[in-house]
Amino acid sequence: MTDNTHNRRILIFDTTLRDGEQAPGCSMNPQEKLDVARRLEKLGVDVMEAGFPASSPGDLESVKTIAGIIKDCAVAGLCRCVEKDIDAGREALVNAASPRIHVFLATSPIHMQYKLKMNPEQVVERAVSAVKYARKFCSDVEFSAEDASRSDPDFVCRVFGAAIEAGASTLNIPDTVGYAMPDEFGRLVQYIREHTPGGEKVKFSVHVHNDLGLAVANSLAAVQNGADQIECTINGIGERAGNASLEEIVMALRVRKNYLRVDTRLDTTQIYGTSRLVTQVTGVKVQPNKAIVGDNAFAHEAGIHQHGVLANPSTYEIMTPESVGISKNQMVLGKHSGRHAFEDRLKALGFTVDAQTLEEVFAEFKNLADKKKVVSDRDIEALVMGAAASVPETWKLDQWAVNTSSALGASGAIRLRHKDGQIHKLVSMGDGPIDSIFKAINKIIGKEPNLELYEIGAVTGGSSSQGEAMVKIAMHDRRWNGRGVSTDVVESSIKAYIAAINAMEWDLARDSAVQ
Ligand code: KIV
Ligand code: ZN
């Protein structure tokens with residue numbers, strides 16, 4: 001066994017709520033962002049980038065809320081190197097226990113010439129003035145040289161040296177377009193660390209995109225070459241092919257810590273729950289064979305493998321499912337399970353719910369247990385996620401009915417309860433049961449959002465499985481997600497549609513309140 005006492009600490013900077021959330025299809029509403037932020041805090045990330053405050057008043061508000069609640073890690077806000085962005089960052093982070101302002105400016109010839117239309121001298125000057133301005137309000141300032149992997153390394157060292165002198169304490173080396181090769185990126189990190197004036201006083205960070213599928217490999221190469229901080233996202237969500245995946249990096253650092261001689265402070269048993277939450281709120285599923293958190297990551301199909309794992313799990317498992325928070329040997333929950341067992345399982349799955357939600361979910365669990373012999377963790381997770389509405393409910397499902405036949409087409413009837421207590425009912429014809437009922441809902445609410453995505457799947461296997469529906473609606477270039485779960489697939493679809501409508505109504509109401 002190797003002695004681990006002197007392992008270097010690697011800082012984990014999570015950007016799920018900023019780089020992850022800005023990717024198409026990954027948007028989250030403020031409540032969902034807060035839920036994710038709380039899970040990230042529990043997971044033990046060192047820094048969470050909560051958003052880009054100057055990008056919209058909504059983002060500023062959401063960073064501000066998160067910054068006021070999260071205490072166990074630093075909360076960062078991203079800003080361009082302009083005063084109005086830094087002002088927005090300052091306002092958003094005013095209540096943070098450990099605020100960090102993260103400013104960025106591109107340093108590659110292609111970005112400087114075509115995007116910024118600035119020469120290298122102007123870039124150095126702008127970086128310095130932005131860091132100095134940010135330091136007036138915040139002692140923790142990170143500077144990123146966007147597109148660093150396609151920049152002249154000596155120029156990056158020069159900009160970094162100037163940023164350090166201006167007061168930056170973390171210098172970030174992004175592979176913005178996922179272009180670098182691992183050995184090349186490792187050498188770049190080492191070169192920049194060794195040639196940046198004042199580099200010995202600061203932390204070096206990397207931020208890698210996955211365009212060539214190398215984000216994790218490049219991040220690990222950076223660690224081997226002295227990087228102190230890794231920027232990454234849950235499930236690897238992010239622009240284009242995504243960012244480096246937090247769970248893969250953290251487990252690689254843990255499983256191979258004797259080789260890499262580094263450690264993180266993360267509680268890896270929180271990984272799976274956090275990954276599931278991000279999947280649920282974004283509606284973006286991970287592929288079954290995804291390392292660490294995919295459905296098959298710990299499944300052994302081949303007989304020879306099963307035999308080996310039964311004889312001794314380490315024959316084919318380099319880490320246990322339990323180490324990432326997947327518990328395998330659980331008591332089966334069914335209709336005879338009591339509230340205690342149910343509450344214990346909720347805790348084990350990482351959910352903290354208030355007393356009222358617990359009542360509701362337990363009642364739904366009992367209903368489900370009557371229909372299904374065994375209620376799985378996935379079922380419970382689906383019930384909890386469905387119970388806690390993430391926005392106030394403008395509309396609530398009261399009753400529904402559909403009629404469908406090959407000869408006559410489909411009709412859907414719906415009764416919705418408005419938040420003012422009034423009942424609205426309507427019948428509509430449509431192209432199939434879902435179309436007819438969605439049309440009826442649209443007529444009641446008086447809006448016609450575009451249905452951009454509609455997906456239905458089984459929560460678990462078997463014909464008694466709950467159906468889980470996911471919808472994405474769009475109007476005026478804005479998008480809202482909704483999900484719904486029921487043992488009836490039509491009902492799960494209706495619930496998902498109404499959840500998305502409620503998210504839209506809430507956003508539109510907040511917009512008109514601001515005007
Ligand atoms: O990819 C990138 O370069 C970024 C920076 C803002 C750090 O996201
Ligand atoms: Zn990025």
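Note that this is a predicted model, so its numbers are computed, not measured. As the structure lists them, so they are numbered: ligands from 1, and atoms in each ligand from 1.
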Just checking: Glu231, one of its N/O/S atoms, less than 2.8 Å away from the Zn ion (ligand 2), yes or no? no
Rounded distance [0.5 Å steps], CG in Leu171 versus CD1 in Ile164: 4.5 Å
Which heavy atom of the protein is the closest neighbour of atom 4 (C) of ligand 1, given with residue, atom name and distance? His207 NE2, 3.4 Å
Near Glu146 (heavy-atom distance under 4.0 Å), the atoms of ligand 1 are 3 (O)
Whether Arg18 lies under 4.0 Å from ligand 1, heavy atom: yes
Pair Lys203 + Asp140, salt bridge at N-O below 4.0 Å: no
Testing the 3.5 Å rule here: is there a donor-acceptor pair between the side chains of Arg254 and Thr268? yes
So Phe438 and Ser493, do their side chains get closer than 4.5 Å, heavy atoms only? yes
For Asp19, is at least one N or O under 3.5 Å away from an N or O on ligand 1? yes
Give a yes or no answer on whether the side chain of Asn235 reaches the backbone of Ser275 with a donor-acceptor pair at less than 3.5 Å. yes
Under 4.0 Å from a heavy atom of Pro174: which atoms of ligand 1 are those, numbered in the order shown and with their elements? 3 (O)
Partner of Ser144 under side chain to side chain donor-acceptor pair (under 3.5 Å), chosen from His102, Glu231, His207: His102
Could you identify the single nearest non-hydrogen protein atom to atom 3 (O) of ligand 1 and state the distance to 0.1 Å? Thr176 OG1, 2.6 Å
Which single N/O/S atom of Asp19 lies at minimum distance from the Zn ion (ligand 2)? OD2
Considering only the protein, which heavy-atom contact is closest to atom 7 (C) of ligand 1, and what is its distance? Ser144 OG, 3.7 Å
Contact between Leu78 and Asp19 at the side-chain level, heavy atoms closer than 4.5 Å - yes or no? no
Proximity of His209 to ligand 1 by residue part, where a heavy atom lies under 4.0 Å: side chain
